[in-house]
Amino acid sequence: MFELYYKIWVDAITATRAKKAEASGWKLYTLAPMSLLAGLNLFTFFLWMKTLVNHRLPLFLPVNIFDYRLINDFISIVVTLFVPFVILNYLLIFSNERYKRLLQQYPAYDGKLYKKYALISLALLVIPVVLVKFYFHEV
């Protein structure tokens with residue numbers, strides 16, 4: 001079930017380590033973008049559910065800590081779309097140095113699989129939005 005997930009991660013780790021070989025923070029340089037992409041996928045799913053199923057479905061967990069709406073919205077987005085995936089990805093990939101076993105178990109694809117995942121994630125959000133704006137706009 002997790003085979004594709006792990007293959008993407010191995011490719012992302014290998015690509016990041018190749019670029020950031022001298023940097024000790026390669027884990028962060030891999031964890032952050034992969035978590036952002038997963039959050040983007042969740043946002044796309046929420047957006048489609050809101051559009052097709054329930055128009056009152058909130059896209060983010062509401063947060064009302066500060067007087068400024070912009071700060072609350074930022075915290076809401078981070079808490080809803082980023083933090084859960086950072087925790088999940090850390091536990092599945094980096095805890096107990098599991099990535100070392102994964103690097104031996106799965107092949108790397110020179111960053112190609114990682115790039116495809118990123119492009120597909122972006123396309124799943126952008127293409128439908130563009131199509132709706134161009135072809136289904138109200139006159």
Side-chain angles (χ1 to χ4, degrees):
M1 180 176 160
F2 284 99
E3 188 170 332
L4 180 60
Y5 173 78
Y6 290 140
K7 284 181 179 180
I8 294 169
W9 263 100
V10 165
D11 200 41
I13 289 169
T14 305
T16 304
R17 286 172 80 175
K19 290 179 187 175
K20 310 274 186 208
E22 68 282 344
S24 61
W26 66 266
K27 290 180 184 178
L28 180 62
Y29 288 118
T30 310
L31 182 63
M34 286 292 288
S35 297
L36 283 171
L37 288 170
L40 182 68
N41 291 332
L42 182 63
F43 174 73
T44 302
F45 176 76
F46 284 168
L47 190 61
W48 278 103
M49 289 297 104
K50 181 177 179 122
T51 303
L52 300 174
V53 179
N54 184 353
H55 297 288
R56 290 180 281 159
L57 180 73
L59 293 175
F60 312 108
L61 295 172
V63 173
N64 292 310
I65 299 171
F66 300 101
D67 292 333
Y68 300 103
R69 183 171 181 234
L70 188 62
I71 296 172
N72 287 329
D73 289 347
F74 176 77
I75 292 171
S76 177
I77 290 168
V78 169
V79 167
T80 305
L81 301 178
F82 185 65
V83 172
F85 291 107
V86 168
I87 294 168
L88 180 67
N89 288 331
Y90 178 81
L91 292 174
L92 290 173
I93 304 298
F94 293 109
S95 68
N96 298 323
E97 296 188 342
R98 182 173 186 167
Y99 70 92
K100 290 180 180 178
R101 285 180 273 144
L102 295 172
L103 287 170
Q104 292 175 348
Q105 187 175 355
Y106 296 102
Y109 298 95
D110 297 323
K112 293 176 185 172
L113 189 60
Y114 177 39
K115 288 176 187 172
K116 282 182 186 177
Y117 173 63
L119 290 174
I120 290 169
S121 296
L122 291 171
L124 286 173
L125 177 64
V126 172
I127 291 172
V129 169
V130 169
L131 289 175
V132 166
K133 292 289 183 190
F134 282 124
Y135 294 108
F136 300 106
H137 66 280
E138 295 182 26
V139 177

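Taking hydrophobic clusters as Ile, Leu, Val, Met, Phe, Trp and Tyr residues chained together by side-chain heavy-atom distances below 4.5 Å, Ile120 does not share a cluster with Phe45. Under the 4.5 Å side-chain contact rule for hydrophobic residues, Phe2 and Leu88 share a cluster. Hydrophobic clustering keeps Leu124 apart from Leu36 (ILVMFWY residues linked when any side-chain heavy atoms are closer than 4.5 Å, directly or through intermediates). Clustering ILVMFWY residues whenever any of their side-chain heavy atoms sit less than 4.5 angstrom apart, transitively, puts Ile127 in a cluster other than the one holding Leu119. Hydrophobic clustering of Ile, Leu, Val, Met, Phe, Trp and Tyr side chains at less than 4.5 Å, counting indirect connections, keeps Leu92 apart from Leu28.
Taking the six-membered ring where tryptophan is involved, the planes of Phe94 and Trp9 are perpendicular, since the angle between them exceeds 60° and thus also 30°.
Crowding of Arg69 atom CZ: a count of heavy atoms from other residues, nucleotides or ligands under 6.0 Å not exceeding 12.
When all heavy atoms are compared, the tightest approach of Phe82 to Ser35 is CE1-CB, 3.7 Å. Between Thr80 and Pro84, the closest heavy-atom pair is O-CG, 3.6 Å. For Arg17 against Leu103, the heavy-atom pair with the smallest separation is NH1-CD1, 3.2 Å.
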Report the C-alpha distance between Lys27 and Tyr99 in whole Å, list the side-chain angles of each, state the deciding distance to 0.1 Å, and finish with yes or no for side chain to side chain contact (heavy atoms under 4.5 Å, CB included). CA-CA 10 Å; Lys27 290 180 184 178; Tyr99 70 92; 3.7 Å; yes
Take Leu102 and Ile13, measure what side chain to side chain contact (heavy atoms under 4.5 Å, CB included) needs, and give me the verdict at the end. CA-CA 10 Å; Leu102 295 172; Ile13 289 169; over 6 Å; no
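Expressed to the nearest 0.5 Å, how far CG of Leu47 lies from NZ of Lys50 amounts to 8.5 Å. Distance check, rounded to the nearest 0.5 Å: OH of Tyr117 to OH of Tyr5 gives 8.5 Å. Expressed to the nearest 0.5 Å, how far OG of Ser76 lies from CD1 of Ile71 amounts to 13.5 Å. A distance of 12.5 Å separates CG in Leu37 from CG in Leu42, rounded to the nearest 0.5 Å. Interatomic distance, Thr14 OG1 to Trp26 CH2, rounded to the nearest 0.5 Å: 9.0 Å.
The closest donor-acceptor contact from the side chain of Asp11 to the backbone of Lys112 lies under 3.5 Å. No donor-acceptor pair under 3.5 Å is formed between the side chain of Ser121 and the backbone N or O of Asn41. Thr44 contributes a side-chain N or O that, together with a main-chain N or O of Leu40, makes up a donor-acceptor pair within less than 3.5 Å.
Taking the side chain as every heavy atom from C-beta outward, Phe74 and Leu70 never approach each other to under 4.5 Å. Within the 4.5 Å cutoff, side-chain heavy atoms of Met34 are placed close to those of Ile8. Between Tyr29 and Lys19, every side-chain heavy-atom pair lies at or beyond the 4.5 Å cut-off. Side-chain atoms of Arg98 and Tyr6, non-hydrogen and from C-beta on, do get closer than 4.5 Å to each other.
For an aromatic pair to be called close, the ring centres must be under 6.0 Å apart, and Phe43 with Phe60 satisfies this.
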